[in-house]
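Note sheet for the following structure.
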Amino acid sequence: MRADTTAPGPRALPEIWEATRKRISALVAPLTDDAVSTAVPTVAGATIGDVLAHATDICTRAATDAAALCRGSFSRPIGGELPSATLTALITAWEAAAHLVSRQVESDSELASFLITDAAMCEHDLRAALDCPAARDDLAIKVALDELSGRFSDRVDAAGLPPLRVTVEQWGTIAGTGRATSCVVADRFEFVRAMSGRRSAHDIGRWNWGVDHNRYLAVISEVPLPPNEIHERDPRIPEHMRDREFVL
């Protein structure tokens, strides 16, 4: 059971999708083909080429079987989703596939939420690889928060865990069913990235937990958590203070 403590109005999902896909295209447009093998620090073993291949594959699958895609889980970009190609070819394939599903996004809010969430995670994987953090407070992250937290709630239920009250900035929900007597307070961006498998158990343990966080580690994400800590630079921290940045 999902119980948001806030009641936001409906979001313009098609506009959020368009803005997100355009940001991704803008990030990779200036790159040369040799950037295709640049490592992505938020996904072990992945490259910029893998991220683009993954994003393209998701859009292609949405165009052929949107319902099956939405029933599936959010996977992290890994190699082998598309044949080896130049970055130029991957960008072209991504833009064509993203444009192809734009009409579906207008009529299918469930698909729109899924695509925005996946694209937002890919966007920030690319930003981490290129060291150009931004858009942490974008509406796409809020869409991802709703999508991923609902799935987290379902996993809490399925695992028989006690309900957990989650608070991130001006948003809150109860993960699981029933009255929550335990809670966790986290940064919104960090919480979203953890639910997509981009934070380690140690990263998650630094949040403000009112319960043993180890009980929820197995269900916080649909994919295994990485073994090593992951830090994505917060662009809101002035350069002269980065050496004193507190990592939540």
Side-chain angles (χ1 to χ4, degrees), residues 1-13 16 42 58 66-76 108-121 124 136-227 229-230 232 246-248:
M1 178 69 67
R2 306 167 190 183
D4 288 350
T5 60
T6 57
R11 295 193 176 102
L13 296 178
I16 298 172
T42 50
I58 290 295
L69 180 67
C70 293
R71 288 194 301 269
S73 65
F74 286 92
S75 61
R76 290 176 296 201
D108 188 337
S109 60
E110 182 181 12
L111 176 63
S113 179
F114 189 100
L115 290 174
I116 290 168
T117 298
D118 188 81
M121 296 306 96
H124 287 280
R136 287 187 174 212
D137 298 319
D138 188 81
L139 285 172
I141 293 297
K142 297 178 182 179
V143 171
L145 174 63
D146 290 340
E147 175 75 28
L148 294 173
S149 64
R151 289 168 175 253
F152 172 46
S153 180
D154 292 341
R155 293 192 296 274
V156 169
D157 262 342
L161 290 168
L164 178 71
R165 180 174 294 280
V166 179
T167 301
V168 293
E169 297 165 35
Q170 292 79 38
W171 179 97
T173 192
I174 294 176
T177 302
R179 180 173 177 269
T181 58
S182 300
C183 65
V184 61
V185 179
D187 174 84
R188 177 175 57 208
F189 184 78
E190 293 295 310
F191 184 57
V192 166
R193 293 298 268 168
M195 290 190 294
S196 67
R198 271 81 168 181
R199 292 294 183 269
S200 71
H202 192 268
D203 295 323
I204 294 167
R206 283 197 292 257
W207 300 347
N208 188 2
W209 289 88
V211 65
D212 180 8
H213 71 280
N214 290 293
R215 303 183 66 184
Y216 294 90
L217 287 179
V219 297
I220 194 78
S221 169
E222 292 177 335
V223 295
L225 300 176
E229 292 185 47
I230 294 177
E232 294 177 78
F246 178 72
V247 182
L248 288 174

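Please read all numbers here as calculations on a predicted model, not as lab measurements.
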Quick check: does any side chain N or O of [X] sit under 3.5 Å from a backbone N or O of [Y], one acting as donor and the other as acceptor?
| X | Y | answer |
| --- | --- | --- |
| Ser113 | Ser109 | no |
| Glu169 | Arg188 | yes |
| Arg155 | Ile220 | yes |
| Arg165 | Val185 | no |
| Asp157 | Thr177 | yes |
| Ser221 | Val223 | yes |

Would you say [X] and [Y] make side-chain contact, with heavy atoms under 4.5 Å?
| X | Y | result |
| --- | --- | --- |
| Leu164 | Trp209 | yes |
| Tyr216 | Val211 | yes |
| Glu232 | Glu190 | no |

Roughly how far apart are [X] [atom1] and [Y] [atom2], rounded to 0.5 Å?
| X | Y | atom1 | atom2 | value |
| --- | --- | --- | --- | --- |
| Ile230 | Ser200 | CD1 | OG | 7.0 Å |
| Leu13 | Ile116 | CG | CD1 | 4.5 Å |
| Glu222 | Leu148 | CD | CG | 7.5 Å |
| Asn208 | Cys183 | CG | SG | 7.0 Å |
| Ile16 | Leu115 | CD1 | CG | 12.5 Å |
| Thr167 | Phe191 | OG1 | CZ | 9.5 Å |

Task: Ala67: partners by side-chain contact (heavy atoms from CB on, under 4.5 Å), with sequence neighbours left out - done: Asp65, Arg71
- [ ] Check the pair Arg198, Val192 against side chain to side chain contact (heavy atoms under 4.5 Å, CB included), reporting the backbone distance first and the verdict last.
- [x] CA-CA 9 Å; Arg198 271 81 168 181; Val192 166; over 6 Å; no
Shortest non-hydrogen contact from [X] toward [Y]:
| X | Y | value |
| --- | --- | --- |
| Asp108 | Ala66 | OD2-CB, 4.4 Å |
| Leu145 | Trp171 | CD2-CD2, 3.5 Å |
| Val156 | Gly176 | CG1-CA, 3.8 Å |
| Leu225 | Gly197 | CD2-CA, 4.4 Å |
| His213 | Ala201 | NE2-O, 4.2 Å |
| Thr117 | Ala144 | OG1-CA, 3.4 Å |

Open item on the list: Can you tell me how the ring of Phe74 sits relative to the ring of Phe114, calling it parallel under 30°, perpendicular over 60° and tilted otherwise?
Closed with: parallel
TODO: Only one of Met121, Arg193, Arg76, His124 passes side-chain contact (heavy atoms from CB on, under 4.5 Å) with Thr42; say which it is.
DONE: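 Exactly one candidate clears the test, Arg193.
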Task: Ion pair check, Arg11 and Asp146, cut-off under 4.0 Å - done: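 Asp146 and Arg11: salt-bridged.
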